[in-house]
Amino acid sequence: MPRYNPAEIEPRWQAYWQQQATFATPEMPNIDRGRKRYILDMFPYPSGEGLHVGHPEGYTATDIVARFWRMRGDTVLHPMGFDSFGLPAEEHAIRTGEHPRIQTQRNIDNFTRQLKMLGFSYDWNRAIATTDEEYFRWTQWIFLVIYDTWFDTERGVGRPIDELPIPPEVVAGGDNAVASYRDSHRLAYQDDALVNWCPALGTVLANEEVIDGRSERGNHPVQRIPLRQWMLRITAYAERLIDGLDDLDWPAGIKKLQRDWIGRSSGAEVDFHVVRDPSTDGDPMGSFAEWRASRASSGFVTEPADDALRVYTTRPDTLFGATYMVIAPEHPLVDALTTRDRAEEVRGYRDRASFKSDRERTEGERAKTGVFTGSMATNPVTGKAIPIWVADYVLATYGTGAIMAVPAHDERDFEFAVTYDLPIVAVVEPPSDFEKRDQVIAGRACFVGTGRAINSDSFNGQMTEQVKASITQQLADQGLGRAAINYKLRDWLFSRQRFWGEPFPILHELDADGNPTGQKRGVPPDQLPVRLPDLADFKPHGRPEPPLEKADDDWLFVRLDGKLHKRETNTMPQWAGSCWYYLRYIDPRNDRAIVDPEKEAAWMPVDLYVGGAEHAVLHLLYSRFWHKVLHDRGHVQSPEPFKRLINQGMILGEVEFTGYQYSDGRWISSIYVRRDDQGNRIDEQGTGLTPVKVEDTEVDKQGDGFVLKSDPSIRVDSRAHKMSKSRGNVVNPDAVVREYGADSLRLYEMFMGPLEATKPWSMAGVGGVRSFLDRAWRMIVDDRAEQLCLHPAIVDSPCDPEQARMLHATIRKVTEDTESLSFNTAIARMMEFTNFYTRCESRPREAMERFVVLLSPYAPHIAEELWFVLTSRDTDTSIPCVSLQPWPAWDESALVQSTIEMPVQVNGKVRGKVNLSPEASEPEILAIACQDPRIASLLEGKTIVKSIVVPGRLVNLVIR
RNA sequence: GCCGGAGUGGCGGAAUGGCAGACGCGCUGGAUUCAAAAUCCAGUGAUCGCAAGAUCGUGUGGGUUCAAGUCCCACCUCCGGUACCA
């Protein structure tokens, strides 16, 4: 019996596509550039759990778009690959001793099987994995490009390191001085950074991988320790990364997220001269010279005057109100500024602050704490001495690590000043409608807005913006300050102490005794890739030292140009491979370059990029940064990698009903509603408020919420949650395909709602789209016949006008909705089509054929099978499969109706409907509307004050 | 706290300022069946009414408009992100 049987149809057509290479992409889009489409998915990390139903959501969307544009005659590049370096494979290796490569390959195979099972039209010949040596060879090569680049701030571009101008005094210092000068300008450099060391994971993490002082992965505690790390100077590209966003067709929210993450602010740097407090007899415990030296090594461009403490502020206009200063506990000048009598207290405070995790610092009330250093500084405009405090509400890593505190106009400073009884001087007059205006002026409240300057000498009366400019200018004239721009973005901590990552292509020079000379160099490109060594033991040793240190000497030591070198043993973070994979798909087997320049110019940029919003800042910012470096160095033509971006929404688990017992205005207990093996209900009293699962059939609507049918005192809350193993609400795509078929899974995920919305799963909904496919099948196939053959209602005669209207309106709606990625409404329209035509006793073949073509990007397997039946392809082998059919066009003339129904409103309420010709003129429409008996009776005895006729839509009569 | 996004039937959702609830799920009734499944047909926002129909209805309160789910103002709730960035 030829019933619709996806289990039989789907593997057969998948094999056919593979055999016929239906979706192979040409090397070059050999037609004009406007007709190429690069449609990209965020490639998955191949986890041991296999595909999650969230993956096929974005993948189906791009697959529909790819198939749609192919059918419209464009040349489409639609590839897939695997982001296969990553922690879980290494953790598995540590647990089992099995090499990560083996498990990774197994997972890739499983993912590939699952992706093929869903019928995606990827060009599998272009598949890549970031763990392939031939792939990471080029990841290493790009690192060498970054290492070989410095950022020319004057021109705003990255340039080769040998074009870096060397100041004469550096040249005078000899080769080593020149080398370290260059190193300090490279986009990839080593630095002693305060890093997030996670003892449980045995690695250092990026700021982005730490959430509330715990690791994003595994939720382990994270400590801050200083360690020599590789950094990428992404901050040099901050401005370019902001500017580049303008031309991108990305969701406004994501652009804003990136802008805020980069966090550009403009203001001024101000130098405060430091004086000792004459009331204390202490001398400083460190020297300014030492401090200046330490700042120089961390890349400061200009140095403050000898005895100056430099701050950054966005509000230089409030300088007259700066009544004290604060430096971060980690500020290098803390010792130098601390007087002997304050030493013990300051050291105690600093130690406490360093032991606090980020979580503790930000937890709870966040009450401001701090200690006085004993030193004073001179406010450069008032000339008054103001105290310098140490407090952990000032961050060492932003600005200069020190601030001028203006308690009258900054809420944090205000809070601190109140706590420690520091003076508060208002210098900006709040507008008259500001509630606490008088309290602000009296120094008893805080105002952060802008206004007219007061208590500011010659600046009094000027508006904030003007004062900012004038004070900055005055400070610059006196050499005490200058306009400055700051970014929240920090340089990218790029090394990891892991085994399962790309080794750095860097060699450290050793002297005759085997000690590092401090000189390093890149591995010559012809010696790439630097492969991972064979390790017998993957276990971390609990020290912040990379596992590759355990490698054999053969791997570890390299003789090059007569000198012995030790390899860098850190590995790159998982982001590295995903930073440029979109380029490799264009030319995946090229062994001379990352990508052929001609092909890159022809295919880039990516026209549509679909993936989860969790990558809004990290992956998408890192990728853009690498792309811009490659662009500056002439390796790619496109300035930006991803022209259009769409974030698919998260898929939640099925809606759960949860019951609570509520009494006397509070929760008294939770009620467990469960069933035993025999299906009998078990009730038990709990003590806490443990969530209680309730069957939805036991729930009754009452008022605003739900109650349990059997016991209305039990309130029921309905809500969908994130899918998680612990909640047991994870949906497995394999199981869905087994029960309903891949086409149903694809169609359901697109039918759930808008692509970008968060939406809960519903297995009944999958059944719904499956029954649509069943109906579509029975519309065309005679499922009662013995053989696979056409339904007897299929006829060769043309459509009647009504059928033609349905057909062409459907073509139009599906075309427009597919273009705008409104897949849910396109599917709804195809359902209407099917409902209409299954009621027709004769179904013209032309309508059926075009419908199947429309369906094919959405449900490609059943479409191929129905196309096969409709076109008798078994007898006429010249007919190509439906995936290669041209997309149908609609005929406007078929959409024209002889009469249309028009609602007639009286005073804005619909009171009747009239049928009339679409060409009727306004007076005609009005006349017909007033003749309608119901309308006429309402008009009796009234006058029409106004009448609105919207041709083709409605009539509204305003009467009195 | 701040920044995004969203609040529409029992549920997922649809609606260029122009008939609110397309399409699907669920539910109710009917046909078919020995029976069930499957399928097909009809109904399904609420209230009132035998009916024709009437009134109310898109988180809350105001406003603009002939006309508001849609635009404006204020507020509430939920979800996501972020966290002392001077």
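Just so we're clear, the structure is a prediction, and the values are computed from it rather than from any experiment. Heavy-atom basis, side chains included; hydrogens, waters and symmetry copies ignored. A note on names: the letters A, B, ... follow the listed sequences, proteins ahead of strands, and every chain is numbered from 1.
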Please determine, by modelled atom types, if Tyr393(A) and Asp413(A) share a side-chain donor-acceptor pair under 3.5 angstrom. yes
Short side-chain N/O contact to C40(B) OP1/OP2 from Arg775(A), under 4.0 Å: yes
Quick one about Thr899(A) and Asn915(A) (side-chain donor to acceptor, distance below 3.5 Å, no hydrogens or angles considered), yes or no? no
Ser265(A) and Asn486(A): side-chain donor and acceptor closer than 3.5 Å? no
RNA chain B stem ranges, 3 or more consecutive Watson-Crick or G-U pairs under 3.5 angstrom: B:1-7 with B:76-82, B:10-12 with B:23-25, B:26-31 with B:39-44, B:45-48 with B:53-56, B:59-63 with B:71-75
Proximity of Tyr740(A) and Tyr748(A) rings by center, below 6.0 Å: no
Regarding C19(B), can its base be found pairing with the side chain of Lys913(A) as donor and acceptor, where the two atoms are less than 3.5 Å apart? yes
Tyr837(A): which of Leu807(A), Thr810(A), Ile780(A) passes side chain to side chain contact (heavy atoms under 4.5 Å, CB included): Leu807(A)
Inter-nucleotide P distance (A68(B), U60(B)), Å rounded: 15 Å
Classify Thr397(A) by what it touches in the nucleic acid, base, sugar-phosphate, or nothing, heavy-atom distance under 4.0 Å. nothing
For Asn824(A) and A14(B), is the shortest distance between a side-chain N/O and OP1 or OP2 below 4.0 Å? yes
For A14(B) and G62(B), measure between their C1' atoms and round to the nearest Å. 28 Å
When all nucleic acid strands are considered with a 4.0 Å heavy-atom cut-off, which category describes Asn835(A): base, sugar-phosphate, or nothing? sugar-phosphate
So, does Lys759(A) get its side chain near the phosphate of C79(B), meaning an N or O under 4.0 Å from OP1 or OP2? no
Can you check G9(B) for me, syn or anti if syn means within 90° of 0? syn
